[in-house]
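I have placed the structure first, in the form of structure tokens, so that the comments after it can refer back to it.
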Amino acid sequence: MKPTASKIIDPTLIVVAGPTGSGKTDLGIALARHFGAPVISTDSRQVYHGMKIGSAQPSEEQLAAVPHYFIADREVTDRFTCADFEQEALALLEKLFSEYDYVVAVGGSGLYIDALCNGLDELPDVDSKLRKELAERVSREGLETLAGQLRELDPDYYEAVDRQNPARVVRALEVCLQTGKPFSSFRTGGRTQRPFRIIKTGVTMARAELYRRIDRRVDAMMEQGLEAEAHALYPFRRLPSLQTVGYRELFAYFDGEYNLARAIELIKRNSRRYAKRQLTWFHRDPNIRWFHPQETAAIIASIERNGSR
RNA sequence: GGUGCCAUAGCUCAGUUGGUAGAGCAACGGACUGAAAAUCCGUGUGUCCCUAGUUCGAUUCUUGGUGGCACCA
């Protein structure tokens with residue numbers, strides 16, 4: 001690709017996806033440096049302040065190397081959803097693309113990545129009282145009763161939804177009750193075209209290697225002081241932001257449910273399971289090109305082949 | 001060296017009065033639209049150590065090995 005006086009490059013979002021512990025952060029920074037791009041995080045937990053070790057936020061040096069966004073800029077008490085992320089990230093990208101040709105999006109939250117690349121349907125806000133009430137009803141009346149109500153209010157979604165999943169049933173029901181309209185009437189399933197090019201890269205490796213890396217990283221987190229970090233967050237353990245691998249297991253240890261060795265074992269196991277769920281999500285996306293994290297040159301070449309015209 | 005016990009899924013083990021086997025944990029596959037590191041659904045993945053017998057048929061009984069453990073020398 002020979003440089004021309006007037007290069008024409010569409011604004012390009014380079015997405016780096018992959019399971020936890022696969023080396024996304026390092027690769028993202030390598031790409032950001034190569035393309036002269038900033039990094040926005042697509043990680044639902046690294047946005048929170050105070051969760052540095054457990055969510056494996058980039059180090060000080062890494063943060064200093066390239067501009068980062070959505071890292072540690074919320075409090076754990078803040079409500080921050082995938083919809084908030086979509087909205088704020090889009091606004092930010094519009095600004096960044098006036099200055100940069102490339103932006104690198106790094107993170108493992110599949111829903112956040114999809115929200116950013118494809119858009120979410122417009123759904124109404126739900127009153128927090130209603131949400132709380134439904135949570136209580138699930139435990140008091142049982143999921144089946146609520147599913148029965150959903151069948152009345154939104155038969156279409158009732159047929160499609162996983163009725164054994166409280167999160168799904170409650171979510172649908174709260175939208176129905178809030179608006180008086182079926183939840184499915186808001187779901188278009190359509191994709192929003194973004195005003196920038198998107199190149200998706202996935203990082204992975206043999207399962208055994210990935211699991212070794214995860215185990216080692218958990219040990220490293222403990223050495224860096226994860227226990228103290230979790231202890232400081234213990235008062236917030238019921239918040240959504242703290243429903244996070246690494247913290248939950250230590251909270252249970254603090255509660256005396258098991259010893260520290262068992263907690264570490266569970267953090268490793270649950271990280272592996274999380275990695276597996278991430279891979280399931282990402283494998284569904286045919287636009288992701290997969291690489292081993294060490295193939296930096298190949299990744300860059302692949303992006304350059306597709307990223308300019 | 002001798003005697004005894006053991007050998008079954010990745011691990012710890014159960015079981016088959018002879019008809020090729022099942023629990024827990026681990027693992028594997030999947031779903032996913034405002035909590036998504038969340039939430040939920042599904043799946044035994046096996047030369048029953050090897051060998052030669054007996055038998056219609058051996059993982060199961062018998063012979064001889066191999067490996068492990070224990071005790072005695």
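Residue numbers start from 1 in every chain, and the chains themselves are labelled A, B, ... in the order their sequence lines are given, proteins ahead of strands. Keep in mind it's a predicted model, so treat the numbers as computed, not measured.
A donor-acceptor pair under 3.5 Å is formed between the side chain of A:Lys52 and the backbone N or O of A:Pro58. No donor-acceptor pair closer than 3.5 Å links the side chain of A:Asp78 to the backbone N or O of A:Phe80.
Separation of the P atoms belonging to B:rG34 and B:rG29 is 26 Å when rounded to the nearest angstrom. Across B:rC48 and B:rC11, the matching P atoms stand 15 Å from one another, rounded to whole Å. Rounded to whole Å, the P atom of B:rA9 lies 36 Å from the corresponding atom of B:rA73. When the P atom is used for both B:rA35 and B:rA23, the distance is 39 Å, rounded to whole Å. B:rA70 and B:rU62: their C1' atoms are spaced 25 Å apart (whole Å). Using C1' as the reference atom, B:rU20 and B:rC28 are 24 Å apart when rounded to the nearest Å. B:rC69 and B:rC61 are spaced 25 Å apart, taking the C1' atom of each and rounding to whole Å. Taking atom C1' on both B:rU54 and B:rG18, the two are 11 Å apart, rounded to the nearest angstrom.
Using a 4.0 Å heavy-atom criterion, one finds that A:Gly54 contacts the bases of the nucleic acid, with or without backbone contacts as well. Looking at heavy-atom distances under 4.0 Å, A:Ser271 makes no contact with the nucleic acid at all. Residue A:Asp43 is classed as a base contact, given a heavy-atom separation below 4.0 Å to a base. In this structure, A:Tyr112 reaches the sugar-phosphate backbone alone: every heavy-atom distance under 4.0 Å involves primed, P, OP1 or OP2 atoms, never a base. Counting non-hydrogen atoms under 4.0 angstrom, A:Ser109 reaches the backbone sugars and phosphates but no base.
Put simply, A:Arg207 has no side-chain N or O that comes within less than 4.0 Å of OP1 or OP2 on B:rA27. Between A:Arg273 and B:rA26, a side-chain N or O to OP1/OP2 separation shorter than 4.0 Å is present. OP1 or OP2 of B:rG34 has at least one side-chain nitrogen or oxygen of A:Arg171 nearer than 4.0 Å. The shortest distance between the side-chain N/O atoms of A:Lys276 and the OP1/OP2 oxygens of B:rG29 is below 4.0 Å.
Rounded to whole Å, the distance from CG on A:Leu116 to C1' on B:rA36 is 15 Å.
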### Derivation and outcome, salt bridge (Lys or Arg N to Asp or Glu O under 4.0 Å), residues A:Asp43 and A:Lys24
CA-CA 11 Å; A:Asp43 189 297; A:Lys24 295 186 296 294; over 6 Å; no

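Annotated as syn: B:rG34, whose O4'-C1'-N torsion sits within 90° of 0.
Taking the six-membered ring for Trp, A:Phe196 and A:Phe97 have ring centres closer than 6.0 Å.
When the nucleotides B:rU33, B:rA35, B:rA38 are ranked by their closest atom to the side chain of A:Val245, B:rA38 comes out on top. Of all nucleotides listed (B:rG29, B:rU33, B:rA27), B:rA27 comes nearest to the side chain of A:Tyr211.
Between A:Thr280 and A:Met221, the residue whose closest nucleotide on RNA chain B is further toward the 5' end is A:Thr280.
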### Message
Please convert RNA chain B into dot-bracket. A pair counts if it is Watson-Crick or G-U wobble with both distances under 3.5 Å; crossing pairs go in [ ] and bases paired with another strand get |.
### Response
(((((((..((((.....[..)))).(((((.......))))).....((.((..]....)).))))))))).

Between protein and nucleic acid, restricted to nucleotides 39-41 of chain B and to nitrogen or oxygen atoms under 3.5 Å apart, what atom pairs and distances do you find?
unit_1, atom_1, unit_2, atom_2, d
B:rU39, OP1, A:Arg248, NH2, 2.7
B:rU39, OP2, A:Arg248, NH1, 3.3
B:rU39, O2', A:Asn165, OD1, 2.2
B:rU39, O2, A:Asn165, ND2, 2.8
B:rC40, O4', A:Asn165, ND2, 3.2
B:rC40, O2', A:Asp162, OD2, 2.6

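Scanning residues 124-140 of chain A for heavy-atom distances under 4.0 Å to RNA chain B yields A:Arg131.
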